[in-house]
Amino acid sequence: MRLKLLVILLAGLSLATTTAEGEIFRRDGALTVATYNVCNLFDTINDPGIRDNLPTPEHYRHKIEALARVIGELGPDMIGLCEVENAAVLRDLTTTAPLDSVPYRLLHYESPDRRGIDVALLYRADRIETIASEPIRFSTDYPTRDVLRVELRILGSERRMVVYVLHLPSRRGGYSQATRMRETIAATIGEQAAREEPGVGVIVLGDLNDTPASGLVRRMLATEATGLRCLTAAAHRKGIGSYAWRDSWLMYDHILVNREVNAIGDARVFRRPWMLTATGRFRGYPDRAISDHLPVYIRILY
């Protein structure tokens, strides 16, 4: 089974179109939009009441530098991030080479999640301007991360978009309760996406903790009523995923768009050999010292 995992992994390497320098190919009139679960990006400060994992200063610096390298090589114009503790870790990330030479701005709100992890959005201020942003909170009975909603405009054009960044609850810690909350959030965001102003592009992205084939995605998000289509479904059908589990690749990180978003093809998984575990039992899996997920991205015309 592990051989199958490696074969799928190597096949997926061809999904990213790169130049000789390894940068994502960029052309006028197109943007790269990505989502990335950065896996417990905690600072080194112990916060009372939060179940945060405290890295050593050395481990924290290594993770920040590695994540900056991943994002730098991917080169997104905007990227939704999951599992960040606070704005301080995002500032450390964006001021680390090679991101320190890119005009990234960050959007982040503190959420009531028990583990202290939130979602955030990084965007290039030389290509995108934000009009408004807000956190969407769902319940105090089951504290979880907020959904981030951002209205933005693409500079040099009249194109307006709304981006939702999600990280749905996992099934840990109470399957039925987590499932109800996941379905509540997904259904609410699907309905809200459908009510956005006509002519405005809508992008829903993040870690849904489920695959494109799940009922959660097919019946609550990617439906005729919401007007959203799931761009990660094609890769999932080919056995390509963003998260490795028991020698299988699972597509847990998603990008969905409405009809106003002109996507160039389907979503792709971004990976490089140095982002993967090189030896041992989990050889070929994402290197957990960086993240246990891989980024997913799309290219859009505007």
Side-chain angles (χ1 to χ4, degrees), residues 12-36 67-81 94 98-99 101-107 120-131 133 148-166 193 196-206 212 222 227-236 238 240 242 251 253-272 275 294-302:
L13 288 173
S14 63
L15 288 178
T17 303
T18 62
T19 66
E21 292 77 24
E23 296 293 332
I24 294 295
F25 177 75
R26 189 184 305 280
R27 67 184 183 186
D28 292 339
L31 296 177
T32 299
V33 179
T35 180
Y36 191 16
L67 289 173
R69 182 181 175 187
V70 172
I71 295 171
E73 291 190 9
L74 173 56
D77 296 287
M78 59 179 163
I79 180 169
L81 301 178
T94 56
L99 302 188
S101 62
V102 183
Y104 278 121
R105 299 291 183 269
L106 63 92
L107 288 169
L121 185 75
L122 299 184
Y123 66 95
R124 290 188 59 132
D126 59 339
R127 293 176 179 158
I128 295 167
E129 71 171 357
T130 56
I131 300 169
S133 66
L148 174 60
R149 179 184 179 274
V150 182
E151 296 180 45
L152 54 88
R153 183 176 71 86
I154 301 172
L155 296 176
S157 79
E158 296 304 314
R159 289 290 291 152
R160 291 174 51 224
M161 291 188 178
V162 174
V163 177
Y164 293 89
V165 186
L166 285 67
E196 296 291 353
E197 183 181 340
V200 173
V202 177
I203 302 176
V204 177
L205 53 78
L228 297 172
R229 58 191 178 101
C230 182
L231 297 183
T232 47
H236 170 73
K238 297 174 185 175
I240 298 168
S242 58
M251 186 64 78
D253 303 275
H254 297 264
I255 302 178
L256 300 95
V257 301
N258 72 351
R259 297 177 184 87
E260 301 297 330
V261 177
N262 187 6
I264 307 172
D266 296 307
R268 302 175 178 182
V269 176
F270 181 81
R271 63 191 95 200
R272 293 291 182 268
M275 297 165 58
L294 297 172
V296 173
Y297 72 98
I298 62 171
R299 297 276 292 153
I300 62 172
L301 295 173
Y302 61 91

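The first residue of the sequence shown is numbered 1, and numbering continues consecutively from there.
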Name all residues meeting the side-chain contact (heavy atoms from CB on, under 4.5 Å) criterion together with N258; count only those two or more places apart in sequence or in a different chain, and write none if there are none.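 Checked N258 against side-chain contact (heavy atoms from CB on, under 4.5 Å); matches are V202, L228, E260, V261.
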Among residues at least two apart in sequence or on other chains, which ones pass side-chain contact (heavy atoms from CB on, under 4.5 Å) with D126?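 Residues passing side-chain contact (heavy atoms from CB on, under 4.5 Å) with D126: P103, R124.
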Validation row: V102, I71 side chains within 4.5 angstrom (heavy atoms):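 No, side chains not in contact.
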Side-chain touch M275/P295, heavy atoms, less than 4.5 angstrom: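 Yes, at least one pair of side-chain atoms sits under 4.5 Å.
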For [X], which residues count as a salt bridge (Lys or Arg N to Asp or Glu O under 4.0 Å) partner, sequence neighbours excluded?
X    : result
R159 : none
E158 : none
R153 : E129

Closest heavy-atom contact between [X] and [Y]?
X    : Y    : answer
D266 : A234 : OD2-CB, 3.4 Å
A125 : L155 : O-CD1, 3.5 Å
T35  : G206 : OG1-CA, 3.2 Å
A34  : L205 : O-CD2, 3.8 Å
V70  : Y36  : CG1-CE2, 3.7 Å
A267 : V296 : CB-CG1, 3.8 Å

Under the criterion side chain to side chain contact (heavy atoms under 4.5 Å, CB included), I'd like the reasoning laid out for R69 against R272: C-alpha separation, chi angles, the key distance, then a yes or no. CA-CA 11 Å; R69 182 181 175 187; R272 293 291 182 268; over 6 Å; no
Could you grab the distance from atom [atom1] of [X] to atom [atom2] of [Y], nearest 0.5 Å is fine?
X    : Y    : atom1 : atom2 : answer
I255 : T232 : CD1   : OG1   : 7.5 Å
I79  : L122 : CD1   : CG    : 7.0 Å
L256 : L231 : CG    : CG    : 7.0 Å
Y104 : T94  : OH    : OG1   : 10.0 Å
I154 : M78  : CD1   : CE    : 6.5 Å
D77  : L152 : CG    : CG    : 11.0 Å

Steps toward side chain to side chain contact (heavy atoms under 4.5 Å, CB included) verdict (M161, I300): CA-CA 12 Å; M161 291 188 178; I300 62 172; 3.3 Å; yes
With E196 via side chain to side chain donor-acceptor pair (under 3.5 Å) - residues at least two apart: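 With neighbours one apart ignored, the set is R149, Y164.
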